[in-house]
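Heavy atoms only: backbone and side chains are in, while hydrogens, waters and symmetry mates are out. Residue numbers begin at 1 in each chain, while the letters A, B, ... track the order of the sequences.
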Amino acid sequence: MRSARAGIEAGLSGAVSALNADEKVDLELRPSREARFGDYQSSVALKLARPLRRAPAQIAADLMGRLDLEEATVEAVSGYLNFRLRPRWLQEVVRQAAADSNYGSSDVGCGQRVQVEIGSVNPTGPLHIGHGRSMILGDTIGRLLAFTGHQVSREYYVNDQNKQTRLFAASVSARLHGQEPPPGGYTGGYVTELAEQARAELPGIGAMSEAEAEARLRDFAIQRMVELLDRSVSRVNVHYDEWYWESELWRRGLPQAAIERLRAGGHLSEREGAIWFSPAVPGWEEADEDRVVIRTNGEPTYFASDLGYLLSRFEDRGFQRVVEVWGADHHGYVPRMKAATALLGLDPQNLQVVLVQMVNLKEGKMSKRQGRFVTLDELVDRVGSDAVRYFYLLRSADAMLEFDLEAALSQGNENPVYYAQYAHARLFNVERTAQRTHPDLPAEPDLALLDKPWELAVAKEIARWPETVETAARELEPHRLPHYAQRLADAVHGFYQAGNELPDNRMVVPDPDMTRARLELCRAARNSLRIALDQMGVSAPEQM
RNA sequence: GCCCGAGUAGCUCAGGGGAUAGAGCAACCGCCUCCUAAGCGGUUGGCCGCAGGUUCGAGUCCUGCCUCGGGCACCA
């Protein structure tokens, strides 16, 4: 069953082309801003007025006459087209949403193989709450893409060859020998702990030559950090499909191959003893500065690895599309990677980068702390996984996130997580009550009984779920999920409230047929809400 | 200096060129002899940062400026 949006769009599109409008015109189909304008609105008649040299109202009336939709009725008002979903169609939506445990899923992705690369920070320290935002956002993008028919692999790229990780290993080594870490090294207590663990688990490490010990230690320490990291993100329901090690790239000769390809294409030059990449390429003029690929001392930069990483994904492993989720502080790196992609003969369109803005912690009324000094684990300890995920997803990626600890900790109105979860728990409770009081309900509901405004309001929100998912997945905008959950929960609480005001309007009433019909609506709403929460990685409790 | 993002109600933020700009929270006023009040209804609250421009129509697109955050490595 197609979404309401898709159905109306198809019909409207047909009607517009019947008017012989030359150019392709945006249908301007939107959810209505006000109830009196119906459920969807289109201003396409206003758009067509000029090319058709006719009055908008006349065009709107003409279009209305050509529209006969199963989803909605149409009304032309002062140049606008207002669509109202038909009760019959809404009933069908309810029937389906109640039955389909994957309601809203689709195959629009056509099985496209997508890699979502999430996080990939240097594994040299604990994750802070800014990293956490990237992880959760990326994970949710992965969920959305999988739900819309893409074949998704969530990957963490483990840097283990670069300068920082070497410095990290040197810091562990220094602790192992009872010395201070080198200048600019890592001084946290976890470094000393790692050294202790290495002493216990790598027998003879203290006696090895410095070079050998360094290599062994680096492997050991990074492996340990990756395990810790996995444990931290698992607590917020983030699970990677793949941990891809930078060293693996070099073993497979991929950076070398990429460098060769760029050299052959004339995009590398030698200067001051180093090898530079010149990203001059039409369309990516922003990346106009040369960058070092091989240092003067012969060692590659991270950029060399990244070139190989592009080949690894698009060629070696055959991903058709890569979505990278980076902290916004890496934005300057985007044009360079896009240019490199193009110069390697790949399509930069298939490399999408989602930049995630920073997180600030708001404690109490006054103090604000920069996210980089608070660990993700600490935050999860304080407020729990559900609140962390919900609050992180609430804001669009390019808005800075002000994490309100007070609100996340509260058990009251100011905590939006509970609002949606409470709606779910309430619906579950209604179903439980109905089972108790009406053990012999009819198998099939008569959904035509659902005609109250608050009932139809719930059905309309349920009907919006498939298009919400589709848009969120297409635009890579997970923040639409909590906003949707909020709206659906709104409608659910309104539905419930009607029963508080008048017992006849309760979901469970003496009349078994009415109870059965409303129960179907409960199931449909609860299913939609559960799926929405599930896409966010937030739990849907059965009681609160 | 250059690049990216943000600037919308007291606070935190949604707004895909279209009708009178929205939500949550906060503030104020109401609603439980209960299918869960972690809920519901109502009221108050806006030069959409500023100035131009494009358009029949701009919070939305363009230009300039202001403020805040971030970035501009042979770090990642």
Side-chain angles (χ1 to χ4, degrees), chain A residues 26 28-34 36-37 41-44 46-47 49-50 56 77-80 82 120-122 124 159 162-165 167 184 272-276 286 289 291-297 299-303 305-306 326-335 355 357-358 360 362 365 370 391 394-404 407 410-419 421-423 425-434 436-437 471 475 477 479-480 483 486-487 489-490 492-494 496-501 503 506-509 515 518 522 543-544:
Chain A
D26 184 350
E28 305 283 349
L29 187 66
R30 310 269 185 271
S32 297
R33 304 180 73 145
E34 286 182 55
R36 68 194 169 99
F37 299 140
Q41 59 175 63
S42 168
S43 58
V44 70
L46 298 171
K47 267 277 189 302
R50 187 186 291 269
V77 184
S78 60
Y80 293 88
N82 296 331
S120 306
V121 293
N122 276 329
T124 54
N159 293 290
N162 61 44
K163 217 169 178 173
Q164 287 305 315
T165 51
L167 182 59
E272 301 151 23
I275 309 236
W276 298 71
E286 280 175 76
E289 277 183 61
R291 301 289 161 168
V292 170
V293 181
I294 307 288
R295 297 186 177 93
T296 315
N297 66 6
E299 286 185 4
T301 64
Y302 62 92
F303 187 54
S305 293
D306 282 346
W326 293 349
D329 52 344
H330 287 63
H331 84 88
Y333 197 45
V334 176
L355 295 172
Q357 292 290 330
M358 316 209 69
N360 279 327
K362 186 174 157 194
K365 286 273 185 280
Q370 289 267 306
F391 275 76
L394 209 43
R395 308 299 173 222
S396 76
D398 43 44
M400 227 179 70
L401 179 74
E402 191 108 351
F403 196 99
D404 189 338
S410 102
Q411 304 239 315
N413 275 347
E414 60 272 31
N415 195 336
V417 189
Y418 291 126
Y419 187 79
Q421 291 184 321
Y422 185 50
R426 267 186 153 177
L427 290 170
F428 192 88
N429 191 56
V430 167
E431 291 171 49
R432 212 159 28 202
T433 304
R436 200 176 58 237
T437 59
T471 309
E475 307 293 329
E477 292 179 340
H479 73 272
R480 293 171 183 277
H483 286 275
Q486 171 81 32
R487 286 185 55 135
D490 256 339
V492 166
H493 287 309
Y496 192 95
Q497 189 63 25
N500 280 348
E501 279 155 25
R506 284 189 192 159
M507 303 181 187
V508 180
V509 288
T515 302
R518 287 178 180 160
C522 281
Q543 60 180 26
M544 291 177 75

Atom pair distance, as rounded to whole Å: OH in Y496(A) and P in A38(B): 10 Å
By nearest atom, which of the nucleotides G71(B), C35(B), U12(B) is closest to the H331(A) side chain? G71(B)
According to a strict under-4.0 Å criterion, is R291(A) in side-chain N/O contact with OP1 or OP2 of C74(B)? no
Name the closest nucleotide to the T301(A) side chain, picking from C40(B), G17(B), C74(B). C74(B)
Atom C1', compared across C25(B) and C61(B): separation rounded to whole Å: 33 Å
Tell me which nucleotide among A19(B), C35(B), C40(B) gets nearest to the side chain of Q41(A). A19(B)
Distance check, P atoms only: G7(B) and C13(B), in whole angstrom units. 10 Å
What's the gap between G45(B) and C31(B) when it is taken at their C1' atoms, as a whole Å value? 23 Å
Restricting to side chain to side chain donor-acceptor pair (under 3.5 Å), what partner residues turn up for R432(A), sequence neighbours left out? N429(A)
Nearest-Å distance once atom C1' is located in both A9(B) and C72(B): 37 Å
Once ring-ring contact (aromatic ring centres under 6.0 Å, His included) is applied, do any residues pair with Y496(A), and if so which ones, sequence neighbours excluded? none
Pairing of RNA chain B as dot-bracket, 5' to 3': ( ) intra-strand, [ ] crossing, | other strand, . unpaired, with Watson-Crick or G-U pairs under 3.5 Å? (((((((..((((....[...)))).(((((.......))))).....(((((..]....))))))))))))....
Determine the interatomic distance between P on U54(B) and the same-named atom on U63(B); round to the nearest Å. 15 Å
Rounding to an integer number of angstrom, what distance separates G5(B) and A38(B) when you compare their C1' atoms? 35 Å
